[in-house]
Amino acid sequence: MPIYNPPLRDMQFVMHEVLDVVEELKALPRHADIDKATMTAVLEEGGKFASEVIFPLNRGGDEEGCVLDKSSHEVKTPTGFKDAYAKFVEGGWAALSCDPAYEGQGLPLVLNQCLYEMLNSANQAWTMYPGLSHGAYEALATHGTDEQKKTYLPKLVSGQWTGTMCLTEPHCGTDLGMLRTKAEPQPDGSYRLTGNKIFISAGEHDMVENIVHLVLARLPDAPKGSKGISLFAVPKFNVDADGSLGDRNGIYCGGLEEKMGIHGNATAQIVLDGARGSLVGQPNKGLAAMFVMMNAARLGVGNQSLGLTEVAFQNALAYAKDRIQMRSLSGTKAKDKEADPIIVHPDVRKMLMTAKAYAEGGRALAIYCTMLLDKEHYHPDEKVRKDAGEVVALLTPIVKAFLTDNGHIATNACMQVFGGHGFIKEWGMEQFVRDNRINMIYEGTNTIQSLDLLGRKILGNNGATLKKFGKLVGKLVEEEGVNEKMSEFITPIAVLGEQLTKFTTEIGFKGFQNPDEVGAAAVDYLRVAGHFVFGYFFALSARVALREIAAGNTDPFYEAKLQTARFYFAKLFPETASLMKTARTGAAPLMNTDAALA
């Protein structure tokens, strides 16, 4: 049976020793009173909920799945899911980082990030039910009317209701400009929506009394394309003036998708049949409003793969220490046994260390991004808010795509550690692989994230935001460039920083002549940028570890940090060279393939 232990020590290391989160947050009036003890206590309790309440439901939820009653359009979630959600709400976890104005606890987003990493490790399918509500909360808090905020936000914050995002349709996929769902204005100011949506995660379930769907649709006079999309709040049950639930709305589940993974989450086909809704934001500006939720979801999806990378690593490590098979190539290690534990074999260690490095690098990046979000939302200095927002926008496609690609690599590597047993359900490894696979696809495929990073976030402003992150790297290089003990960590990121500048300029110039050049290079480019970002955080971590060891700290945790950083720069970071080489071959080998693809 699988195991899971919340990685609290590593979370504390990133927050308090690498990023000094408490001091950063104290600059924000909202979090001026935050302290390390409070953060530690919250995460310890969150870890208990993840490991003791929802982790035991993960395998059963995968096997049982969700069941749709086609006559009532109601969905039953797997055994235990509803009770676990009630405990989640009772514990106040849904409200952790939400605004006290809507009865939230107002704690830093960093804490919510760490909580959700643990929840995703424990049970991604279950975690998607409350996870999507945060995006709906953010979208309504930013663009909703006063009445919408009053009606929906307290219930979303408490967890009494959940939220969804209803974007795509059978014919349009990610190209939302093609969507056909219609919204007809009514005399009372409301709208009646008609259409069909697919792939709606947590679109229908029995865990709450109401579900608030945020739906993209077209007004009758809307322009064509993405400029003619509006956003609407459409509840499962209409809400009366006094806040009580009214009649059943014309929005229901017409079917459940049969999926490769995340079986415990209801991925619904949603039918809108004259459903009553209210406009969120301005007419024909719905995509901009929905992007608040979409960006939150993209960070959340990266966090899903981070969680699965961690739990897969923990299980593979435990197995590798216990499973005996063959003898070490360099001589017998376990003389009292008939074979050595497989952890003695170099390639097994490579697979384990790959997962460990991708988990630790991803954790540092994810925590850093949520710290930036706290600054963007609450810092008193407008320039700090603006800079934080720009950098987190730059890093969002990297979090979504790099972490999920890495999750695919890591979960498959960890399954491989188990050999034939990894392919067998009872060990749980094949579920981690299957559950992670969707993360590379939804909320914008990783190719779309790559195009967003290179085309919009970097070339779109001539690399200005990339230079802002580059200054952070440059500052570290300047501070540690003469430190001989840091050279193995500093030199690679300094060299790649120079190469990345030249690489970006080269692609931009080629793309100006032929836009397909950007499309051909984008996926490789994002992985190069991802390694550049990871390299920065591994160098920061190594600096802390070296200082602690030099000060006489004998905790093996710090030696482990150095070994992981050394592995990363020796075995994973060099991928950047081959990625830049393949990107430079350009579009021709891809586009001049008509005969091959005939």
When you check the gap from the basic side-chain N to the acidic O, do R434 and E430 get nearer than 4.0 Å? yes

Under 3.5 Å side-chain donor-acceptor pair for T267 and K259: yes

When you measure from the side chain of Q304 to the backbone N and O of M128, does any donor-acceptor pair fall under 3.5 Å? no

Just checking, any donor-acceptor pair under 3.5 angstrom between side chains of N120 and Q124? no

Would the Y116 and H134 ring centres measure less than 6.0 Å apart? yes

State whether a side-chain donor-acceptor pair under 3.5 Å links Q269 with N196. no

On a heavy-atom basis, which atom in K149 and which in G144 lie closest, and how many Å separate them? CE-O, 3.3 Å

Rounded to the nearest 0.5 Å, what's the gap from CG on L299 to CG on L372? Could you check? 10.0 Å

Test: E184 and R192 ion pair at under 4.0 Å: no

Take E147 and K150 through the test salt bridge (Lys or Arg N to Asp or Glu O under 4.0 Å) and record every step on the way to the result. CA-CA 5 Å; E147 183 179 355; K150 179 183 176 182; over 6 Å; no

Does any N or O in the side chain of E169 come within less than 3.5 Å of the main-chain N or O of T181, such that one atom is a donor and the other an acceptor? yes

Ion pair E117/R363, N-O distance below 4.0 Å: yes

Return all side-chain donor-acceptor pairs below 3.5 angstrom for residues 83-99, not counting sequence neighbours, or 'none' if the list is empty.
residue	atom	partner	partner atom	Å
Y85	OH	G159	O	2.6
D99	OD1	A101	N	2.8

Could you check whether atom CZ of R248 has more than 12 heavy atoms from other residues, nucleotides or ligands sitting under 6.0 Å from it? yes

Is it the case that the side chains of N446 and T404 hold a donor-acceptor pair, with the cut-off being a distance below 3.5 Å and no angle test? yes

For the pair N249 (side chain) and R276 (backbone), establish whether a donor and an acceptor sit closer than 3.5 Å, ignoring hydrogens and angles. yes

Using a distance-only test with no angle check, is there a side-chain donor-acceptor pair under 3.5 angstrom linking T164 and H213? yes

Assess the residue pair E443 and K400 against the criterion (salt bridge (Lys or Arg N to Asp or Glu O under 4.0 Å)); give the C-alpha distance rounded to whole Å, side-chain angles, the decisive distance to 0.1 Å, and a yes or no. CA-CA 9 Å; E443 306 310 335; K400 198 282 177 181; over 6 Å; no

Would you give the length of the straight line joining atom CG of L308 to atom CZ of F432, rounded to the nearest 0.5 angstrom? 7.0 Å

Within the 6.0 Å centroid threshold, strictly below: F199 and Y442: no

Indicate whether any N or O donor in one side chain lies under 3.5 Å from an N or O acceptor in the other, for S158 and E103. no

Does atom CD (Q282) have a neighbourhood of more than 12 heavy atoms from anything else shown, all under 6.0 Å? no

Pairing of K356 and E310 as salt bridge, 4.0 angstrom limit: no

Over all atoms of both residues, closest heavy-atom pair of N210 and P235: ND2-CB, 4.0 Å

Side-chain contact, heavy-atom cut-off 4.5 Å: F232 with L193? yes

N406 side-chain N/O to F402 backbone N/O, donor-acceptor pair under 3.5 Å: yes

We want to know whether D62 and H263 form a side-chain donor-acceptor pair, criterion being a heavy-atom distance below 3.5 angstrom. yes

Pair E74-K236, salt bridge (Lys or Arg N to Asp or Glu O under 4.0 Å): steps then yes or no: CA-CA 11 Å; E74 300 291 329; K236 175 180 175 179; 3.1 Å; yes

Hey, are D69 and K76 close enough for a salt bridge, meaning a charged N less than 4.0 Å from a carboxylate O? no

Looking only at side-chain N and O atoms, does N295 offer a donor or acceptor that is under 3.5 Å from a partner on T396? no

